[in-house]
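Notes follow the structure.
First listed ligand is number 1; within each ligand, the first listed atom is number 1. What you are looking at is a predicted structure, and each value in this text was computed from that prediction instead of being measured.
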Amino acid sequence: MKFTTKSIHIGEEPNFKDGATGDVIAPIHLSTTFARDEVENPTAGYEYSRSLNPTRNALQQKLAAIENANYGLAFSSGLAAETGVLMALLKTGDHVIATDDLYGGTLRLFRKVFAANYAIDFSFVDTSITEKVEAAIIPATKLIWIESPTNPMLKLSDIAKIAIIAKQKGICLVVDNTFMSPYFQNPLDLGADIALHSTSKYINGHSDSIGGAVMLNDRSLFEKVQFIQNSAGAIMSPFDSYLVLRGIKTLSMRMKQHAENSIKVAEFLAQHPKVKKVIYPGLESHPQYELAKTQMKGFGGMMSVELKGNLDSTKKFIKNLHYFSLAESLGGVESLIELPALMTHASVPLEDRRKLGLSDTLIRISVGVEDVDDLIGDLEGAFRLV
Ligand SMILES: *Cc1c(COP(=O)(O)O)cnc(C)c1O
């Protein structure tokens, strides 16, 4: 089965048996508990909805299928999914190697919760240079955690190469695949142990549900994460599971349109006299364009753009836009724009922002699936007013 067919059918095969009604989509099962006819016999394997719920189960099957994974687990947010993985795999004194420009919420979870309260040791390295990952490994290293591309500098890490190193040393490799979605990048196929997503972004795609997903192949690893999902209880609700099931059905179509619009927007911006630099993995000017072409099946919908001028002219440019809403988050059908230095990355110390190249005139764009002529017209109009 190809991607789009899986995204529509897996987990939602119509059921005609046992008086079922043949629904073509998974119904929203709100029941917290499931009656059984014999003490020893949970009905169809369901006992209590935190442990397993039929709507969430349908979603978990679909999530696994679209990442080419054996197992999928749905959580109440991307950060809940991350917490589930960390709690399942780490104990006090363990060491983690992580990408140095992680999603801000992930960095906060690592530093202020797991390092501060549970004495987990983190090394933040530039994982786009594979040798730096290898050099950071110590006997206590249990986990390598990467994001590729990163946010907002869109640096790539070579997942296959890092996976080989991790495997040799018996270290678990986790890839936060939120930015690419399973349509454009499949970390498990590249050798990673766990693919993780904030479903709040591309997977759901309509900016109306917060959720997270973990996809993996190894049975014992799955059982460990599932044990935490049930024990800590940060599960995705039946209604959110329904929304995400619905969103995934158009994931391939949305991603194609995001990418098609993005390359046109990137090329328009790259030639504009008021633009200093466009960072998009689909442009030949991206320093890792070659890796992007082999590791990803498409270049996605996220780009960062450094404008000429200063903070005031950048703010003015953003204010002049109509179709790009000024908001954090990404991956929805509607275009969003934000200023990382004052918004998503305001908590990153100025010195670190400078080191990463994150200036006050750098804007991050999540290119939506609107008609691209309207998007480019909107950008053109906003430039005219600054
Ligand atoms: C949004 C995001 C998260 C966190 O997900 P939530 O659903 O907001 O908890 C983690 N990683 C990346 C790359 C994200 O963009």
side-chain hydrogen bond (donor to acceptor under 3.5 Å, both in side chains) filter on D158, not counting sequence neighbours, yields none

Which residues satisfy the ring-ring contact (aromatic ring centres under 6.0 Å, His included) test with Y323, sequence neighbours excluded? none

Check each of E338, R364, E328 against T344 using the side chain to side chain donor-acceptor pair (under 3.5 Å) test, and report the only one that passes. E338

Under the criterion side chain to side chain contact (heavy atoms under 4.5 Å, CB included), which of T361, V386, V305 is the partner of T314? T361

Cation-pi between K201 and Y103: NZ/CZ under 6.0 Å from ring centre and within 45° of the ring axis? yes

Of all pairs that satisfy ring-ring contact (aromatic ring centres under 6.0 Å, His included), the ones with a partner from residues 254-288, not counting sequence neighbours: Y202-H258, F268-H272, H272-F383

Every pair of nitrogen or oxygen atoms between ligand 1 and the protein that is under 3.5 angstrom apart - can you list them with their distances to 0.1 Å?
| from | atom 1 | to | atom 2 | distance (Å) |
| --- | --- | --- | --- | --- |
| ligand 1 | 5 (O) | S198 | OG | 3.1 |
| ligand 1 | 7 (O) | G78 | N | 2.9 |
| ligand 1 | 7 (O) | S198 | OG | 2.8 |
| ligand 1 | 7 (O) | S200 | OG | 2.7 |
| ligand 1 | 9 (O) | G78 | N | 3.0 |
| ligand 1 | 9 (O) | L79 | N | 2.9 |
| ligand 1 | 11 (N) | D176 | OD2 | 2.7 |
| ligand 1 | 15 (O) | K201 | NZ | 2.7 |

